[in-house]
Amino acid sequence: MKTERFDKKLFKQEVLNNLKTQFRVELDNASQQQIYQAVAYALKEWIIEDWMDTQKTYEEKDPKILYYMSMEFLMGRALGNNLINMSMYGEVKEALDELGVDLNAVEDQEPDPALGNGGLGRLAACFLDSLATLGYAAYGCGIRYQYGMFKQKIKDGYQIEVPDEWLKNGNPFELKRPEYAKEVRFGGNIRTEYDEATGRTNFIQENYQSVMAVPFDYPIVGYGNHIVNTLRIWDAEAITDFQLDSFDKGEYDKAVEQKNLAKNIVEVLYPNDNHYEGKELRLKQQYFFVSASLQAAVAKYKKNHDDITKLYEKMTIQMNDTHPTVSVAELMRILMDEEGLGWDEAWEVTTKTCAYTNHTIMAEALEKWPIDLFSKLLPRVYQIVEEIDRRFVNKIREMYPGNEEKVKKMAILWDGQVRMAHMAIAAGYSVNGVAKLHTEILKNQELKDFYQMMPEKFNNKTNGITQRRFLMHGNPLLADWVTKKLGTDTWATDLSLMSGLKKYVDDPKAQKEFMDIKLQNKKRLAKYILEHNGVEVDPTSIFDVQVKRLHEYKRQLMNILHVMYLYNQLKKNPNMKFYPRTFIFGAKAAAGYLRAKQTIKLINSVADKVNNDASIKGKLKVVFIEDYRVSNAEWIFAAADVSEQISTASKEASGTGNMKFMLNGAPTLGTMDGANVEIVDEVGAENAFIFGMSSEEVINYENNGGYHPYEIYQNDKDIHEVLDQLVDGTYANGDPELYKDLYQSLLFGDTGSQADMYFILKDFRSYAEAQKKVEEAYRDTKGWAKMAMTNTAGCGKFSSDRTIQEYVDDIWHLDKIR
Ligand SMILES: *Cc1c(COP(=O)(O)O)cnc(C)c1O
């Protein structure tokens, strides 16, 4: 194998050669982008060998294959990560140094493939990394969006969305595979035809439109094992077999429609996180990639196996949230209409093949499609959904005779809508939540009826993250230090070894080394902030960080209100005891989410005022980092002192940002929500700052009509002052209207919804007290070092390697390749 021995000379030659053959330039005249491409193509040659070997091994060993179906894969840059996983990073850096080329600058030329919104897409990316590293045969299946997540620009404090043209310069790592193209059909009508010979009724789709789904494959390089799996994302092409000279208007119109369909379907990623928009195009996207992926999967199975009824022995499908749930009906369609199975046989195969992951309990994120829309777009699939529903409702009635309440709560088709989660649960052989607390809430509250009916399906798989990207690549100083302290680098594939650092948490020398590294990383980020924001921040101040999608339930608003409160204190008493703090935010808001965008504007307005107020002597700074994404996230985690995980308890299913901070030695300031609970389990309550209502309290209030924030406003003069500043123009150049909606939402709510739905005022005091404790703890240099180190030492559980092994053991039962 080529990667067995890295040949520096050969690698340099390949880079120079690529510059010539691709761009007709010498190194001296090449642009940074051209150098990036030349390096990436050189690396690809190394990868290809392992990729082909891996696929050959899979052919021979015939392992069970996982198809991880996801609308989103938030991959982050590939170059650096591939170099790390191939154990070539240091050597390639050296080779490029000798050419006078800086690897960091080259890496910076790669557009961040942002085919995802936030946590859900990043989870899919971490899972692919772990699957390859652990040696399991897996495909990631998704969509090759022409434009991924928009680029965020901040102008006058407002978010501006700029299209992400990530494919503009081509992509060195992708491989087009036209030989695996599949046709996907939409619309039309279904004609039934009785076949005398077989005694079966055939269902024939007529008058449909179709597109060609064309796959692009991306290598997913395992760490140190020469295994290379595949992320297969689908592009759409028009089917153009019509003749322009035929002058048949009907044909011509249809051809134009099909061209538009192909162009539109993969054009953009919907920029909503934890919120769905019932747009027809979104359903088209879902069916498009699901149908193409399943057609390809079944074809692959049939190449080497005759018995389609044993399909589930060789493949399994994981549905990442409800977005790919149409998989259930599409697999039924393929098995019945194309493979000739009867309903019962097809159902047995399907229900042994499909499994479902639930990512949220929030009503606005639960997908429901109007039956009208669904049945028009997918007429045959809809017939199958109707039959699935009919049989499922029969089963409910059998189990709960006379209890129509159960039918109403659980049916798949209800009130003119297709409830996707219900179909996923009815058909899936596994239903998992993504953290212990979340799974308990599913079982005892949101999905209680389903749990009572089918308890055996429910299980928990607490999320995880890959240490290869978020420590080895993002924080090389700390990674090297860990290796030195542990005397081994095998924590790269066994993060539980990090517990070996516990014996150093009281060691003054180790503490100093650890905090020195943190300081280096803070300086790196401070430089980035100076370059990007023009704001000078003090690397010795506390870096208090909240980076994640902007959403009301994540409560960035509570964070910035607290900053406003601190600023008020400082103004009144400039000599108060106050440890310098830098509050760092990073967050994209969905383009249509006005309240989230107002919050971004507020953060930037507060930053403007606070950062430019000489009277507070630079003790308080606020920074909003533009365009939060995987590549800058890696540096931000490395530089954080405090990890803000302050969601309203019960709303954050797991969170994974919390784990990346922990890995990099930042204690959690958070609520008992999602995986925060398990982080506290690992490090102990004394190594975190926990505050706020419990999930039970929140749910209890919600079930009883909310609470009265106005009372808090009236009785707490600090909160009163801060809220008034939202409408007295303090942060709005005198404009009382700018933040009026935020003010109203906190005190009065919207029509039909509770005031302060996310309990910001209710939790504010307890949050402010926890913040006070952070400051006190930070003053104790040794105590803080111990706490930070204890977090790094305690992060072992949160590797996505652990998560994937649990999925394999309990759900997928994949065969390990060595
Ligand atoms: C990890 C990650 C997320 C998820 O963060 P949460 O705090 O869990 O919401 C979102 N975006 C990026 C770029 C990430 O790396």
Side-chain angles (χ1 to χ4, degrees), residues 70 72-77 81 111-130 148-152 164 166 269 271-275 320-321 359-360 362 365 434-435 437-438 462-471 473-475 544-556 559 584-590 596 625-640 642-648 651-664 666 668-671 673-679 795 798-800 803:
S70 181
E72 304 186 13
F73 288 92
L74 188 50
M75 299 301 288
R77 288 176 178 155
N81 200 248
D112 218 314
L115 308 185
N117 275 285
L120 175 143
R122 184 54 232 176
L123 184 76
C126 284
F127 279 6
L128 294 184
D129 183 83
S130 286
M149 192 58 204
F150 63 78
K151 295 236 149 281
Q152 179 191 56
D164 165 36
W166 72 293
L269 165 71
N272 303 312
D273 189 65
N274 274 303
H275 180 90
N320 195 24
D321 210 322
H359 283 271
T360 176
M362 289 195 301
V434 289
L437 175 69
H438 169 239
T462 299
N463 284 166
I465 55 159
T466 170
Q467 66 266 36
R468 271 81 62 186
R469 181 176 292 271
F470 292 107
L471 191 56
H473 189 256
N475 195 347
D544 178 305
V545 185
Q546 187 176 20
V547 287
K548 49 181 75 248
R549 283 304 293 263
L550 214 137
H551 204 295
E552 284 167 281
Y553 83 80
K554 292 176 184 278
R555 300 200 292 193
Q556 283 94 350
N559 187 342
I584 297 169
F585 293 84
K588 290 180 186 176
I625 294 180
E626 194 176 70
D627 203 38
Y628 175 58
R629 60 192 187 279
V630 176
S631 56
N632 59 20
E634 294 177 26
W635 287 26
I636 295 169
F637 298 127
V642 179
S643 163
E644 294 254 12
Q645 307 300 336
I646 60 178
S647 54
T648 311
K651 302 295 178 202
E652 189 75 271
S654 165
T656 49
N658 46 5
M659 302 166 186
K660 301 166 199 165
F661 281 103
M662 181 193 197
L663 174 67
N664 284 277
T668 302
L669 164 58
T671 49
D673 200 16
N676 296 354
V677 176
E678 290 162 72
I679 288 177
C795 72
F798 302 105
S799 172
S800 45
T803 313

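One-based numbering, in listed order, for ligands and for the atoms of each. Note that the structure is predicted; figures quoted are calculated from it, not measured.
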CG/Asp112 to CG/Asp164 distance, rounded to the nearest 0.5 angstrom?
8.5 Å

Element-labelled atoms of ligand 1 that are located less than 4.0 Å from some non-hydrogen atom of Gly655:
8 (O)

Shortest protein heavy-atom distance from atom 5 (O) of ligand 1, along with the residue and atom involved
Gly657 N, 3.7 Å

How many angstroms lie between CG in Asn658 and CG in Leu669, if you round to the nearest 0.5 Å?
12.5 Å

Can you list the atoms of ligand 1 that are under 4.0 Å from a heavy atom of Val630?
13 (C)

Among Val677, Thr648, Asn676, whose side chain to side chain contact (heavy atoms under 4.5 Å, CB included) with Thr671 holds?
Asn676

If you have a sec, work out which protein heavy atom is nearest atom 11 (N) of ligand 1 and how many Å separate them, to one decimal?
Tyr628 CE2, 3.6 Å

With sequence neighbours excluded, what pairs up with Asn117 under the side chain to side chain donor-acceptor pair (under 3.5 Å) test?
Glu72, Arg549

Please write down residue, atom name and distance for the protein heavy atom closest to atom 1 (C) of ligand 1.
Lys660 NZ, 1.3 Å

Subset of ligand 1 atoms that lie under 4.0 Å from at least one heavy atom of Gly119
3 (C), 4 (C), 10 (C)

Nearest 0.5 Å please: distance from the CZ atom of Phe798 over to the CD1 atom of Ile679.
5.0 Å

Taking the six-membered ring of Phe470 (Phe, Tyr or Trp), confirm whether the NZ or CZ of Lys660 is under 6.0 Å from its centre and within 45° of its axis.
yes

Give the residue, atom name and distance (to 0.1 Å) of the protein heavy atom nearest atom 7 (O) of ligand 1.
Lys548 NZ, 2.7 Å

How close does the nearest protein non-hydrogen atom get to atom 8 (O) of ligand 1, and which residue and atom is it?
Thr656 N, 2.8 Å

Those residues at least two apart in sequence (or on a different chain) that pass side chain to side chain contact (heavy atoms under 4.5 Å, CB included) with Asp129 are Asn81, Asn85, Thr133, Thr466, Arg468

How does Lys554 reach ligand 1, if at all, at less than 4.0 Å between non-hydrogen atoms: by side chain, backbone, both, or neither?
side chain

